[in-house]
Number of protein chains: 2
Amino acid sequence: MKNMKQSRKTRYTQMALQDSLVELMKQKPIAKITIKELCENADINRTTFYAHYTDQYDLLQKMEEECLSFAREAISNLIGEKDQNEMMKLLEEVFEYIIDNRNHIRILMSEQGDINFQKQLFAMIYESCGISPYPDKNVDMGTKEYYFIYAVSGSVGLLQHWLKDDVMKPAKEMAETIYRMACFTQFTGCCTVQLSEDR
Amino acid sequence: MKNMKQSRKTRYTQMALQDSLVELMKQKPIAKITIKELCENADINRTTFYAHYTDQYDLLQKMEEECLSFAREAISNLIGEKDQNEMMKLLEEVFEYIIDNRNHIRILMSEQGDINFQKQLFAMIYESCGISPYPDKNVDMGTKEYYFIYAVSGSVGLLQHWLKDDVMKPAKEMAETIYRMACFTQFTGCCTVQLSEDR
DNA sequence: TATTATATAAACACCGTGTTGATTTTACAA
DNA sequence: TTGTAAAATCAACACGGTGTTTATATAATA
(Lines give C-alpha, C1' and ligand atoms only; values in the text may rest on other atoms or scores of the structure.)
Protein backbone atom coordinates (compact mmCIF):
# COMPACT_ATOMS: atom_id res chain seq x y z
CA MET A 1 0.00 0.00 0.00
CA LYS A 2 2.73 2.37 0.97
CA ASN A 3 4.77 1.54 -2.08
CA MET A 4 1.69 1.68 -4.26
CA LYS A 5 0.96 5.27 -3.41
CA GLN A 6 4.56 6.24 -3.58
CA SER A 7 4.80 5.00 -7.12
CA ARG A 8 1.79 6.90 -8.41
CA LYS A 9 3.98 9.73 -9.57
CA THR A 10 6.44 7.27 -10.99
CA ARG A 11 3.79 5.38 -12.86
CA TYR A 12 2.50 8.58 -14.39
CA THR A 13 6.00 9.50 -15.52
CA GLN A 14 6.56 6.13 -17.12
CA MET A 15 3.19 6.17 -18.83
CA ALA A 16 3.80 9.65 -20.19
CA LEU A 17 7.14 8.57 -21.59
CA GLN A 18 5.71 5.42 -23.11
CA ASP A 19 2.88 7.27 -24.80
CA SER A 20 5.27 9.90 -26.05
CA LEU A 21 7.47 7.25 -27.61
CA VAL A 22 4.56 5.50 -29.30
CA GLU A 23 3.37 8.81 -30.66
CA LEU A 24 6.76 9.71 -32.06
CA MET A 25 7.31 6.26 -33.51
CA LYS A 26 4.23 6.76 -35.63
CA GLN A 27 6.05 9.63 -37.27
CA LYS A 28 9.64 8.45 -37.57
CA PRO A 29 11.99 5.54 -36.91
CA ILE A 30 13.17 5.23 -33.34
CA ALA A 31 16.76 5.88 -34.37
CA LYS A 32 15.84 9.42 -35.33
CA ILE A 33 14.08 10.15 -32.06
CA THR A 34 16.17 12.05 -29.54
CA ILE A 35 15.78 11.82 -25.79
CA LYS A 36 15.36 15.55 -25.77
CA GLU A 37 12.30 15.67 -27.99
CA LEU A 38 10.89 12.55 -26.37
CA CYS A 39 10.95 14.29 -22.99
CA GLU A 40 9.69 17.61 -24.28
CA ASN A 41 6.81 15.82 -25.97
CA ALA A 42 5.99 14.00 -22.73
CA ASP A 43 6.54 17.13 -20.67
CA ILE A 44 8.95 15.25 -18.46
CA ASN A 45 12.37 16.47 -17.41
CA ARG A 46 15.30 14.88 -19.18
CA THR A 47 17.02 14.10 -15.90
CA THR A 48 13.93 12.15 -14.84
CA PHE A 49 14.13 10.11 -17.99
CA TYR A 50 17.66 9.04 -17.18
CA ALA A 51 16.53 8.05 -13.70
CA HIS A 52 14.38 5.35 -15.30
CA TYR A 53 15.90 4.40 -18.62
CA THR A 54 19.25 4.50 -20.34
CA ASP A 55 17.96 5.41 -23.82
CA GLN A 56 15.01 5.14 -26.21
CA TYR A 57 15.69 1.47 -26.84
CA ASP A 58 15.62 0.69 -23.16
CA LEU A 59 12.23 2.34 -22.84
CA LEU A 60 10.94 0.46 -25.85
CA GLN A 61 12.20 -2.82 -24.47
CA LYS A 62 10.32 -2.31 -21.23
CA MET A 63 7.16 -1.90 -23.24
CA GLU A 64 7.93 -4.98 -25.27
CA GLU A 65 8.35 -7.08 -22.17
CA GLU A 66 4.76 -6.45 -21.11
CA CYS A 67 3.54 -7.65 -24.45
CA LEU A 68 5.87 -10.62 -24.54
CA SER A 69 4.74 -11.85 -21.17
CA PHE A 70 1.18 -11.94 -22.45
CA ALA A 71 2.32 -13.85 -25.52
CA ARG A 72 4.27 -16.28 -23.38
CA GLU A 73 1.20 -17.14 -21.36
CA ALA A 74 -0.99 -17.42 -24.43
CA ILE A 75 1.40 -19.87 -26.03
CA SER A 76 1.61 -21.81 -22.82
CA ASN A 77 -2.17 -22.16 -22.72
CA LEU A 78 -2.33 -23.18 -26.36
CA ILE A 79 0.22 -25.87 -25.74
CA GLY A 80 -1.76 -27.28 -22.84
CA GLU A 81 -5.00 -27.44 -24.79
CA LYS A 82 -5.57 -30.54 -26.89
CA ASP A 83 -9.22 -30.10 -27.80
CA GLN A 84 -9.71 -28.44 -31.18
CA ASN A 85 -12.70 -26.35 -30.21
CA GLU A 86 -11.13 -25.12 -27.01
CA MET A 87 -7.99 -24.27 -28.94
CA MET A 88 -10.01 -22.17 -31.34
CA LYS A 89 -11.53 -20.30 -28.42
CA LEU A 90 -8.11 -19.59 -26.98
CA LEU A 91 -6.86 -18.38 -30.34
CA GLU A 92 -9.86 -16.12 -30.65
CA GLU A 93 -9.15 -14.62 -27.24
CA VAL A 94 -5.60 -13.90 -28.28
CA PHE A 95 -6.75 -11.93 -31.28
CA GLU A 96 -9.32 -10.12 -29.15
CA TYR A 97 -6.56 -9.01 -26.85
CA ILE A 98 -4.54 -7.78 -29.79
CA ILE A 99 -7.51 -5.80 -31.06
CA ASP A 100 -7.98 -4.18 -27.65
CA ASN A 101 -4.33 -3.17 -27.44
CA ARG A 102 -3.83 -2.47 -31.11
CA ASN A 103 -2.37 0.99 -30.65
CA HIS A 104 0.72 -0.22 -28.86
CA ILE A 105 1.03 -3.59 -30.57
CA ARG A 106 0.70 -2.03 -33.99
CA ILE A 107 3.81 0.01 -33.37
CA LEU A 108 5.76 -2.90 -31.93
CA MET A 109 4.94 -5.16 -34.86
CA SER A 110 5.20 -2.58 -37.61
CA GLU A 111 8.11 -1.92 -39.92
CA GLN A 112 8.75 1.19 -37.85
CA GLY A 113 8.95 -0.99 -34.78
CA ASP A 114 11.97 -2.55 -33.23
CA ILE A 115 13.04 -5.63 -35.11
CA ASN A 116 14.32 -6.90 -31.81
CA PHE A 117 10.79 -7.36 -30.56
CA GLN A 118 9.92 -9.69 -33.40
CA LYS A 119 13.18 -11.48 -32.83
CA GLN A 120 12.26 -12.06 -29.19
CA LEU A 121 8.79 -13.16 -30.19
CA PHE A 122 10.16 -15.78 -32.54
CA ALA A 123 12.70 -16.94 -30.00
CA MET A 124 9.98 -17.29 -27.40
CA ILE A 125 7.77 -19.35 -29.67
CA TYR A 126 10.59 -21.62 -30.72
CA GLU A 127 11.60 -22.06 -27.12
CA SER A 128 8.08 -22.85 -25.96
CA CYS A 129 7.40 -25.33 -28.73
CA GLY A 130 9.18 -28.53 -29.48
CA ILE A 131 9.21 -30.14 -32.87
CA SER A 132 8.44 -33.79 -32.39
CA PRO A 133 9.38 -35.90 -35.40
CA TYR A 134 6.85 -38.10 -37.07
CA PRO A 135 8.28 -41.23 -38.67
CA ASP A 136 8.72 -40.60 -42.35
CA LYS A 137 11.77 -41.56 -44.32
CA ASN A 138 11.36 -38.94 -47.04
CA VAL A 139 11.80 -35.95 -44.82
CA ASP A 140 14.75 -35.64 -42.49
CA MET A 141 14.75 -33.78 -39.22
CA GLY A 142 16.35 -30.62 -40.59
CA THR A 143 13.70 -30.26 -43.23
CA LYS A 144 10.91 -30.76 -40.71
CA GLU A 145 12.33 -27.88 -38.74
CA TYR A 146 12.11 -25.85 -41.93
CA TYR A 147 8.40 -26.54 -42.23
CA PHE A 148 7.92 -25.35 -38.69
CA ILE A 149 9.86 -22.17 -39.33
CA TYR A 150 7.79 -21.59 -42.42
CA ALA A 151 4.56 -21.94 -40.47
CA VAL A 152 5.62 -19.60 -37.68
CA SER A 153 6.99 -16.99 -40.07
CA GLY A 154 3.87 -17.20 -42.16
CA SER A 155 1.60 -16.78 -39.15
CA VAL A 156 3.49 -13.83 -37.74
CA GLY A 157 3.65 -12.20 -41.16
CA LEU A 158 -0.06 -12.59 -41.49
CA LEU A 159 -0.54 -11.09 -38.05
CA GLN A 160 1.43 -8.02 -39.13
CA HIS A 161 -0.65 -7.67 -42.26
CA TRP A 162 -3.82 -7.97 -40.25
CA LEU A 163 -2.70 -5.23 -37.88
CA LYS A 164 -2.10 -2.83 -40.76
CA ASP A 165 -5.75 -2.87 -41.75
CA ASP A 166 -7.75 0.04 -40.47
CA VAL A 167 -10.84 -2.13 -40.39
CA MET A 168 -9.43 -5.26 -38.87
CA LYS A 169 -11.14 -8.53 -39.66
CA PRO A 170 -12.85 -10.05 -36.61
CA ALA A 171 -10.77 -12.12 -34.19
CA LYS A 172 -12.75 -15.25 -34.95
CA GLU A 173 -11.95 -15.14 -38.63
CA MET A 174 -8.24 -14.64 -37.95
CA ALA A 175 -8.25 -17.54 -35.52
CA GLU A 176 -9.80 -19.85 -38.12
CA THR A 177 -7.50 -18.77 -40.93
CA ILE A 178 -4.31 -19.13 -38.93
CA TYR A 179 -5.40 -22.43 -37.49
CA ARG A 180 -6.22 -23.90 -40.87
CA MET A 181 -3.00 -22.77 -42.48
CA ALA A 182 -0.79 -24.01 -39.69
CA CYS A 183 -2.47 -27.41 -39.85
CA PHE A 184 -1.96 -27.67 -43.58
CA THR A 185 1.66 -26.68 -43.30
CA GLN A 186 2.09 -29.56 -40.89
CA PHE A 187 0.42 -31.81 -43.41
CA THR A 188 2.66 -30.49 -46.15
CA GLY A 189 5.71 -31.27 -44.11
CA CYS A 190 4.49 -34.83 -43.75
CA CYS A 191 5.13 -34.50 -40.06
CA THR A 192 3.35 -33.60 -36.89
CA VAL A 193 4.51 -30.37 -35.37
CA GLN A 194 3.39 -31.25 -31.90
CA LEU A 195 3.17 -28.61 -29.25
CA SER A 196 4.64 -30.55 -26.37
CA GLU A 197 4.56 -29.18 -22.84
CA ASP A 198 7.31 -31.47 -21.57
CA ARG A 199 10.21 -29.28 -22.68
CA MET B 1 34.85 5.10 -71.03
CA LYS B 2 35.75 8.52 -69.76
CA ASN B 3 33.39 8.28 -66.87
CA MET B 4 34.57 4.76 -66.15
CA LYS B 5 38.14 5.79 -65.46
CA GLN B 6 37.14 8.91 -63.61
CA SER B 7 35.09 6.93 -61.20
CA ARG B 8 37.77 4.41 -60.27
CA LYS B 9 38.72 6.39 -57.21
CA THR B 10 35.07 6.95 -56.44
CA ARG B 11 34.25 3.31 -56.74
CA TYR B 12 37.03 2.42 -54.34
CA THR B 13 35.74 4.94 -51.84
CA GLN B 14 32.21 3.62 -52.01
CA MET B 15 33.35 0.03 -51.73
CA ALA B 16 35.51 0.82 -48.71
CA LEU B 17 32.60 2.53 -47.00
CA GLN B 18 30.22 -0.31 -47.80
CA ASP B 19 32.58 -2.94 -46.45
CA SER B 20 33.21 -0.87 -43.38
CA LEU B 21 29.51 -0.63 -42.69
CA VAL B 22 28.95 -4.35 -43.15
CA GLU B 23 31.82 -5.07 -40.79
CA LEU B 24 30.50 -2.74 -38.12
CA MET B 25 26.95 -4.02 -38.47
CA LYS B 26 28.19 -7.46 -37.53
CA GLN B 27 29.18 -5.98 -34.19
CA LYS B 28 26.39 -3.56 -33.35
CA PRO B 29 23.07 -2.16 -34.55
CA ILE B 30 23.35 0.52 -37.18
CA ALA B 31 21.84 3.11 -34.86
CA LYS B 32 24.90 2.89 -32.64
CA ILE B 33 27.34 3.33 -35.51
CA THR B 34 28.68 6.85 -35.92
CA ILE B 35 29.82 8.35 -39.19
CA LYS B 36 33.11 9.10 -37.52
CA GLU B 37 34.00 5.53 -36.66
CA LEU B 38 32.60 4.29 -39.97
CA CYS B 39 35.03 6.56 -41.83
CA GLU B 40 37.98 5.83 -39.57
CA ASN B 41 37.37 2.12 -40.03
CA ALA B 42 37.27 2.56 -43.79
CA ASP B 43 40.21 4.97 -43.75
CA ILE B 44 38.16 7.50 -45.67
CA ASN B 45 37.83 11.15 -44.82
CA ARG B 46 34.60 12.19 -43.20
CA THR B 47 34.13 15.02 -45.67
CA THR B 48 34.31 12.48 -48.48
CA PHE B 49 31.57 10.47 -46.87
CA TYR B 50 29.25 13.45 -46.88
CA ALA B 51 30.04 13.98 -50.54
CA HIS B 52 28.36 10.66 -51.29
CA TYR B 53 25.83 9.95 -48.57
CA THR B 54 23.80 11.83 -46.02
CA ASP B 55 24.10 9.29 -43.22
CA GLN B 56 24.56 5.58 -42.37
CA TYR B 57 21.04 4.77 -43.44
CA ASP B 58 21.55 6.36 -46.82
CA LEU B 59 24.64 4.24 -47.38
CA LEU B 60 22.79 1.12 -46.31
CA GLN B 61 19.92 1.91 -48.63
CA LYS B 62 22.25 2.19 -51.61
CA MET B 63 23.51 -1.29 -50.81
CA GLU B 64 19.99 -2.58 -50.48
CA GLU B 65 19.04 -1.24 -53.87
CA GLU B 66 21.64 -3.40 -55.59
CA CYS B 67 20.23 -6.45 -53.89
CA LEU B 68 16.65 -5.49 -54.60
CA SER B 69 17.27 -5.02 -58.29
CA PHE B 70 18.55 -8.59 -58.46
CA ALA B 71 15.48 -9.79 -56.61
CA ARG B 72 13.24 -7.82 -58.92
CA GLU B 73 14.69 -9.49 -61.97
CA ALA B 74 14.58 -12.92 -60.38
CA ILE B 75 10.90 -12.54 -59.57
CA SER B 76 10.25 -11.27 -63.06
CA ASN B 77 11.88 -14.38 -64.54
CA LEU B 78 9.97 -16.69 -62.22
CA ILE B 79 6.72 -15.09 -63.26
CA GLY B 80 7.49 -15.60 -66.93
CA GLU B 81 8.33 -19.26 -66.50
CA LYS B 82 5.43 -21.70 -66.60
CA ASP B 83 7.30 -25.00 -66.83
CA GLN B 84 7.78 -26.63 -63.45
CA ASN B 85 11.28 -27.96 -64.12
CA GLU B 86 12.52 -24.69 -65.53
CA MET B 87 11.06 -22.91 -62.54
CA MET B 88 13.00 -25.15 -60.21
CA LYS B 89 16.18 -24.35 -62.07
CA LEU B 90 15.53 -20.63 -61.75
CA LEU B 91 14.82 -20.99 -58.05
CA GLU B 92 18.03 -22.91 -57.62
CA GLU B 93 19.98 -20.16 -59.34
CA VAL B 94 18.49 -17.62 -57.00
CA PHE B 95 19.69 -19.53 -53.98
CA GLU B 96 23.11 -19.98 -55.59
CA TYR B 97 23.36 -16.24 -55.96
CA ILE B 98 22.45 -15.76 -52.34
CA ILE B 99 25.11 -18.25 -51.27
CA ASP B 100 27.72 -16.40 -53.32
CA ASN B 101 26.82 -13.04 -51.80
CA ARG B 102 25.97 -14.33 -48.37
CA ASN B 103 28.21 -11.91 -46.50
CA HIS B 104 26.27 -8.85 -47.54
CA ILE B 105 22.85 -10.45 -47.76
CA ARG B 106 23.19 -12.02 -44.35
CA ILE B 107 23.53 -8.58 -42.83
CA LEU B 108 20.66 -7.12 -44.81
CA MET B 109 18.31 -9.94 -43.89
CA SER B 110 19.41 -10.40 -40.29
CA GLU B 111 17.80 -9.02 -37.17
CA GLN B 112 20.66 -6.54 -37.04
CA GLY B 113 19.76 -5.43 -40.53
CA ASP B 114 17.48 -2.65 -41.56
CA ILE B 115 13.86 -3.67 -41.29
CA ASN B 116 13.25 -1.31 -44.15
CA PHE B 117 14.99 -3.66 -46.54
CA GLN B 118 12.63 -6.48 -45.74
CA LYS B 119 9.76 -4.09 -46.06
CA GLN B 120 10.90 -3.12 -49.55
CA LEU B 121 11.40 -6.76 -50.44
CA PHE B 122 7.85 -7.63 -49.45
CA ALA B 123 6.45 -4.61 -51.24
CA MET B 124 8.34 -5.56 -54.37
CA ILE B 125 7.05 -9.11 -54.34
CA TYR B 126 3.48 -8.03 -53.74
CA GLU B 127 3.77 -5.49 -56.51
CA SER B 128 5.23 -7.96 -58.98
CA CYS B 129 2.69 -10.65 -58.26
CA GLY B 130 -1.02 -10.57 -58.72
CA ILE B 131 -3.42 -12.79 -56.85
CA SER B 132 -5.84 -14.26 -59.32
CA PRO B 133 -8.92 -15.72 -57.69
CA TYR B 134 -9.98 -19.28 -58.31
CA PRO B 135 -13.73 -19.80 -58.15
CA ASP B 136 -14.61 -21.09 -54.72
CA LYS B 137 -17.53 -19.86 -52.69
CA ASN B 138 -16.08 -20.77 -49.33
CA VAL B 139 -13.16 -18.41 -49.48
CA ASP B 140 -13.63 -14.75 -50.24
CA MET B 141 -11.06 -12.50 -51.90
CA GLY B 142 -9.77 -11.01 -48.66
CA THR B 143 -9.00 -14.40 -47.23
CA LYS B 144 -7.24 -15.51 -50.40
CA GLU B 145 -4.97 -12.54 -50.04
CA TYR B 146 -4.25 -13.76 -46.55
CA TYR B 147 -3.07 -17.11 -47.83
CA PHE B 148 -0.75 -15.35 -50.21
CA ILE B 149 0.67 -13.18 -47.44
CA TYR B 150 1.16 -16.28 -45.35
CA ALA B 151 3.11 -17.99 -48.11
CA VAL B 152 5.37 -15.04 -48.80
CA SER B 153 6.04 -14.40 -45.12
CA GLY B 154 6.76 -18.04 -44.56
CA SER B 155 9.16 -18.21 -47.47
CA VAL B 156 11.07 -15.11 -46.48
CA GLY B 157 11.23 -16.26 -42.86
CA LEU B 158 12.63 -19.54 -44.00
CA LEU B 159 15.18 -17.74 -46.13
CA GLN B 160 16.35 -15.82 -43.08
CA HIS B 161 16.65 -19.00 -41.08
CA TRP B 162 18.61 -20.63 -43.85
CA LEU B 163 21.04 -17.71 -43.99
CA LYS B 164 21.75 -18.00 -40.28
CA ASP B 165 23.19 -21.46 -40.70
CA ASP B 166 26.95 -21.59 -40.86
CA VAL B 167 26.72 -24.67 -43.03
CA MET B 168 23.98 -23.66 -45.39
CA LYS B 169 21.92 -26.39 -46.99
CA PRO B 170 22.52 -26.64 -50.75
CA ALA B 171 20.60 -24.32 -53.05
CA LYS B 172 18.78 -27.21 -54.70
CA GLU B 173 17.31 -28.42 -51.45
CA MET B 174 16.12 -24.94 -50.52
CA ALA B 175 14.55 -24.52 -53.94
CA GLU B 176 12.62 -27.77 -53.56
CA THR B 177 11.46 -27.06 -50.03
CA ILE B 178 10.23 -23.56 -50.76
CA TYR B 179 8.56 -24.63 -53.96
CA ARG B 180 6.69 -27.46 -52.30
CA MET B 181 5.51 -25.36 -49.39
CA ALA B 182 4.32 -22.48 -51.53
CA CYS B 183 2.35 -24.90 -53.70
CA PHE B 184 0.68 -26.48 -50.73
CA THR B 185 -0.20 -23.12 -49.27
CA GLN B 186 -1.98 -22.37 -52.53
CA PHE B 187 -3.79 -25.63 -52.22
CA THR B 188 -4.71 -24.86 -48.64
CA GLY B 189 -6.18 -21.57 -49.66
CA CYS B 190 -8.34 -23.40 -52.20
CA CYS B 191 -7.18 -20.86 -54.75
CA THR B 192 -4.54 -20.45 -57.38
CA VAL B 193 -1.98 -17.83 -56.59
CA GLN B 194 -1.04 -17.20 -60.13
CA LEU B 195 2.07 -15.27 -60.98
CA SER B 196 0.69 -13.14 -63.74
CA GLU B 197 2.95 -11.06 -65.97
CA ASP B 198 0.21 -8.78 -67.21
CA ARG B 199 0.31 -6.36 -64.30
C1' DT C 1 52.15 19.52 -68.93
C1' DA C 2 47.75 21.66 -67.99
C1' DT C 3 43.11 20.54 -66.69
C1' DT C 4 39.51 18.53 -64.28
C1' DA C 5 37.51 15.69 -60.84
C1' DT C 6 37.96 13.83 -56.59
C1' DA C 7 39.80 13.07 -51.88
C1' DT C 8 41.96 15.25 -47.84
C1' DA C 9 42.79 18.50 -44.08
C1' DA C 10 41.75 21.77 -40.52
C1' DA C 11 38.58 24.61 -38.40
C1' DC C 12 34.04 25.98 -37.11
C1' DA C 13 29.47 26.53 -34.74
C1' DC C 14 25.85 23.63 -33.37
C1' DC C 15 23.34 20.33 -30.76
C1' DG C 16 22.23 16.20 -28.19
C1' DT C 17 24.28 13.52 -24.39
C1' DG C 18 24.80 12.00 -19.83
C1' DT C 19 25.98 13.55 -15.33
C1' DT C 20 26.20 16.57 -11.20
C1' DG C 21 24.50 19.12 -7.12
C1' DA C 22 21.03 21.98 -5.41
C1' DT C 23 16.10 22.82 -5.14
C1' DT C 24 11.21 21.99 -5.39
C1' DT C 25 7.23 19.18 -5.42
C1' DT C 26 4.57 15.28 -4.00
C1' DA C 27 2.65 11.52 -1.05
C1' DC C 28 2.04 9.96 3.33
C1' DA C 29 2.47 9.33 8.38
C1' DA C 30 2.98 11.04 12.91
C1' DT D 1 -0.98 20.41 10.17
C1' DT D 2 3.71 19.50 9.94
C1' DG D 3 7.87 16.68 9.28
C1' DT D 4 10.18 13.37 6.26
C1' DA D 5 11.28 10.67 2.70
C1' DA D 6 10.97 9.84 -2.31
C1' DA D 7 10.73 11.57 -6.66
C1' DA D 8 10.76 15.17 -10.17
C1' DT D 9 12.82 19.52 -11.63
C1' DC D 10 16.29 22.93 -12.78
C1' DA D 11 20.64 24.98 -14.25
C1' DA D 12 25.03 24.09 -15.54
C1' DC D 13 28.73 21.44 -17.23
C1' DA D 14 32.21 18.94 -20.22
C1' DC D 15 32.18 15.91 -23.98
C1' DG D 16 31.74 14.22 -28.50
C1' DG D 17 29.56 13.58 -32.95
C1' DT D 18 27.48 16.45 -36.73
C1' DG D 19 27.43 18.81 -40.96
C1' DT D 20 29.49 22.52 -43.43
C1' DT D 21 33.12 25.57 -45.22
C1' DT D 22 37.50 26.89 -47.35
C1' DA D 23 41.85 25.74 -48.82
C1' DT D 24 44.99 22.21 -50.35
C1' DA D 25 46.66 17.83 -52.25
C1' DT D 26 46.24 13.88 -55.19
C1' DA D 27 44.84 11.27 -59.04
C1' DA D 28 43.31 10.52 -63.86
C1' DT D 29 42.91 12.23 -68.44
C1' DA D 30 43.52 15.01 -72.78
Side-chain angles (χ1 to χ4, degrees), chain A residues 1-63 65-66 107 112-114 116, chain B residues 1-63 65-66 107 112-114 116:
Chain A
M1 183 67 99
K2 187 176 167 186
N3 272 342
M4 276 302 294
K5 288 285 177 183
Q6 276 296 32
S7 66
R8 217 170 70 190
K9 242 191 314 179
T10 303
R11 272 184 292 134
Y12 169 77
T13 299
Q14 296 186 349
M15 197 202 63
L17 288 172
Q18 283 191 6
D19 288 351
S20 172
L21 182 60
V22 169
E23 196 182 330
L24 289 173
M25 283 182 75
K26 285 180 190 165
Q27 300 161 22
K28 55 170 108 174
I30 189 169
K32 303 274 185 188
I33 298 173
T34 66
I35 313 286
K36 196 184 180 226
E37 71 175 327
L38 177 64
C39 291
E40 278 171 0
N41 188 46
D43 204 32
I44 297 289
N45 194 280
R46 236 176 75 247
T47 313
T48 307
F49 176 90
Y50 285 114
H52 293 285
Y53 312 102
T54 64
D55 53 22
Q56 318 102 288
Y57 305 98
D58 187 38
L59 168 56
L60 183 62
Q61 209 186 337
K62 299 281 165 62
M63 291 175 57
E65 271 161 24
E66 284 180 37
I107 290 294
Q112 287 285 41
D114 187 18
N116 202 45
Chain B
M1 184 66 101
K2 185 176 166 186
N3 274 340
M4 277 301 295
K5 287 285 178 185
Q6 276 296 31
S7 66
R8 217 170 71 191
K9 240 191 315 179
T10 303
R11 271 184 291 132
Y12 170 78
T13 298
Q14 296 185 349
M15 196 202 64
L17 288 172
Q18 283 191 7
D19 288 351
S20 173
L21 181 61
V22 169
E23 196 182 328
L24 289 174
M25 283 182 74
K26 285 179 189 164
Q27 300 160 23
K28 55 171 109 174
I30 189 169
K32 304 274 184 190
I33 299 172
T34 66
I35 313 285
K36 196 181 179 227
E37 71 174 328
L38 176 64
C39 292
E40 277 169 1
N41 188 46
D43 203 33
I44 297 289
N45 194 281
R46 236 176 77 248
T47 313
T48 308
F49 175 91
Y50 285 113
H52 293 286
Y53 312 102
T54 64
D55 53 23
Q56 318 102 288
Y57 305 98
D58 187 37
L59 167 56
L60 182 62
Q61 208 185 339
K62 298 283 165 59
M63 292 175 57
E65 271 161 24
E66 284 180 37
I107 289 293
Q112 286 285 41
D114 186 17
N116 203 45

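Throughout, protein chains are lettered first and strands after them, A, B, ... in sequence-line order, and every chain is numbered starting at 1. This structure is a prediction, so every number in the text was calculated from the model and none was measured.
Spacing between atom CZ of Arg8(B) and atom C1' of dA27(D) amounts to 9 Å, rounded to whole angstrom units. In this structure, Tyr53(B) places its OH atom 19 Å from C1' of dT18(D), rounding to the nearest Å. If you take OH of Tyr50(B) and C1' of dT20(D), they are 10 Å apart, rounded to a whole angstrom. The NZ-P distance, from Lys32(A) to dT18(D), rounds to 11 Å in whole Å. Spacing between atom CG of Asp43(B) and atom P of dT26(D) amounts to 15 Å, rounded to whole angstrom units. In this structure, Met15(A) atom CE and dA8(D) atom C1' are separated by 16 Å, rounded to whole Å. Rounding to whole angstrom units, CZ of residue Phe49(B) and C1' of dG17(D) are separated by 13 Å. Put simply, CD on Glu37(B) is 9 Å from P on dG17(D), counting in whole angstrom units.
Side-chain contact check for Tyr57(A) versus Gln61(A): every heavy-atom pair is 4.5 Å or farther apart. No side-chain heavy atom of Phe49(B) sits less than 4.5 Å from a side-chain heavy atom of Thr13(B).
A salt bridge links Glu37(A) with Lys28(A): the closest approach of a Lys/Arg side-chain nitrogen to an acidic carboxylate oxygen falls below 4.0 angstrom.
Closest to the side chain of Lys9(B), out of dA7(D), dT18(D), dA7(C), is dA7(C).
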Can you tabulate the close N/O pairs, meaning under 3.5 Å, that link protein atoms to atoms of nucleotides 9-16 of chain C?
from	atom 1	to	atom 2	distance (Å)
dG16(C)	OP2	Lys36(A)	NZ	3.1

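In plain terms, the two heavy atoms of Gln18(A) and Leu59(A) that are nearest each other are CG-CD1, 3.9 Å. In terms of heavy atoms, Ala31(A) sits closest to Gln56(A) at O-NE2, 4.4 Å.
The side chain of His52(B) places an N or O atom within less than 4.0 Å of a non-bridging phosphate oxygen (OP1 or OP2) of dA7(C).
Residues satisfying the salt bridge (charged side-chain N to carboxylate O under 4.0 Å, His left out) test with Lys32(A), not counting sequence neighbours, are Asp55(B).
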